[in-house]
Amino acid sequence: MNLYPFAAEMLQILIILAIAPAFVGWVRMLKCWLQGRTTAGLFQPYRDLMKLFAKDVILAENASWIFRFTPYIVFGTATLAGGIIPMLSVDLPLAASADAIVLVALFAIARFFTSLAGMDIGTAFGGMGSSREMTIASLAEPAMLMAIFTVSLAAGSTSLSQIVQVVFSGQSVLRPSLAFAFLAFVLVSLAETGRIPVDNPTTHLELTMIHEAMLLEYSGRHLALFEWAGMMKLTLFMALGAVLFFPWGIGTGSIIASGLAFVFLLLKLAAAGIVLVLIETGLAKMRLFRLTEFLGSAFLMATLGMLSFFILE
Amino acid sequence: MNLHIAAQINSFLAALVLLTAFGMLVQKRVYGLIHLFAWQGFFLSLNTAIVGFVADRHHLYISSVLTLSLKVFLLPYILHVLIHRLKIRKEVETIVNIPTTMMIGIALVIFSYHLTAPVRELSNLVTRSTIAVALATVMLGLLMMITRKHAVTQIIGFLALENGLFFAATSATYGMPLVVELGVALDVLIAAFIFGIFFFHINRTFDSLDVEQMARLKEGD
């Protein structure tokens, strides 16, 4: 029995766990440079996480088991998602057993429990955050699924490894359906990872919070797990976009190919960070009620992608 | 350039034309609308030139240049001047809200895909797959004319509709004869001028370009 795929799987999960804070640090650094501020360095997120892990957890008296379990569920689903997306190699045991729909469902589970935890304590801001998060999710998820279905149609399978292989070996670069799906994916991932036109990750104003509002009551290692999972989610979405739409240099089995894939992944993440920061610096946060149009256009793009697959290809 | 790549570029440009058509449908600002219209004209002229190259029809180059000068530069310029002179409000007012319009638009695309299926079966041109997109562009232009209150945006809808017709001619039969195309181009130009004069009249009579005001016309005195 060939043990190499399992080794690659473990390696990939460890790498994602390790580089996610660095990616967030990279994004923050770029943002500081663009805004003419001094940066806290690439490794500040690691220091933040270590500080949070060292602190005590303070639980509210009426906190139920949901509140205590949610950080582990969220972190666990993020880690599992890190194993599903083929980043270092297309030959991964987890990627073979779970497809793109499972990936979307994993993120949905994390979101479901985060929203429950936001309401669990009974503070006003938590409930408000949960309600907003669910509003966004109900609009973002159909668009996300539609984008993934479009890519699956083009590749003939919903398995991520299969999609990556087909797109990688693709005869054509100019596929309108993939271009539309990519645009939709960019819009949706801004919403899913809570970046600027949708949510402001650095806000300290409770009234404008969406994701942060649900985590207001968390402290210590619970908060650290949430933060880490959030960083991983951002990294995973960027990596997913990179491997689905620009799968150059993905490994197909050997160790050297995986090493090369790792270098390519870092380069692609660095580029994705630049694009993300340019989007975030160029746009202002939207009003909550305009999000229907923003995510509606994501859905429109994804649907157009699907239609142009039938019409034009 | 081999035929396969040309067909791909062609369908990619068709997708971009469709995207700009939808962009116009959801765009809320008049200037943004005009820019999108100019982009649509640009993609159209590029597409025409490529079809002309692939099919070896040289008159298509002329219509491509005509499209470029007329629909990318001249008409948007005229519209800009009109909006500036008339001091129109920059926000576009819609009758149906934007998400609903998008859904209707998607339904129209599917409808035109089904409608053009027999034509696609019969045709053996490289551009046959884009006929559906061309028809959809016509429909979306029509939808825009219906769902907008403002005279200027309705005109842009009309011009987008004309873009769709031109695209349909290119993709269904490698373009109309040059005489017809020159005539149509001239017609559109004249129409733009007449629209301009109409705008001034409507604006002077009603102090607004909202065509709903015209309902007052029937209460004759």
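All values derive from a computational prediction rather than experimental measurement. The sequence lines fix the lettering, A, B, ..., with proteins before strands; numbering per chain opens at 1.
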Do other residues, nucleotides or ligands put more than 12 heavy atoms under 6.0 Å from the CZ atom of A/F112?
no
Under 4.5 Å, heavy atom to heavy atom: which of residues 19-26 of chain B reach chain A? Give them by number, or say none.
B/L19, B/F22
Check whether any side-chain heavy atom of B/V109 sits under 4.5 Å from a side-chain heavy atom of A/I311, and report yes or no.
yes
Which residues, numbered in order, of residues 274-308 of chain A come under 4.5 angstrom of chain B by heavy-atom distance?
A/E293, A/G296, A/S297, A/F299, A/L300, A/M301, A/T303, A/L304, A/L307
Contact listing (chain A partner; residues 131-140 of chain B; heavy atom under 4.5 Å)
B/A132, B/V133
Looking only at heavy atoms, which two atoms of A/P176 and B/A15 are closest? And how far apart?
CB-CB, 3.5 Å
Please indicate whether B/Y61 has more than 12 foreign heavy atoms, meaning atoms of other residues, nucleotides or ligands, lying under 6.0 Å from its OH.
yes
Heavy-atom closest pair (A/L312 atom, B/S129 atom, distance to 0.1 Å) is CD2-O, 3.7 Å
Under 4.5 Å from any heavy atom of chain B, what part of A/F180 do you find: side chain, backbone, both or neither?
side chain
Which heavy atom in B/F12 sits nearest to a heavy atom in A/A179, and how many Å separate them?
CE1-CB, 3.8 Å
Enumerate the side chain to side chain donor-acceptor pair (under 3.5 Å) contacts for residues 140-164 of chain A, please, sequence neighbours excluded, ordered by first and then second residue.
A/D99-A/T158, A/R111-A/E141
For residues A/F310 and B/Y113, report the shortest heavy-atom separation together with the two atoms involved.
O-OH, 3.5 Å
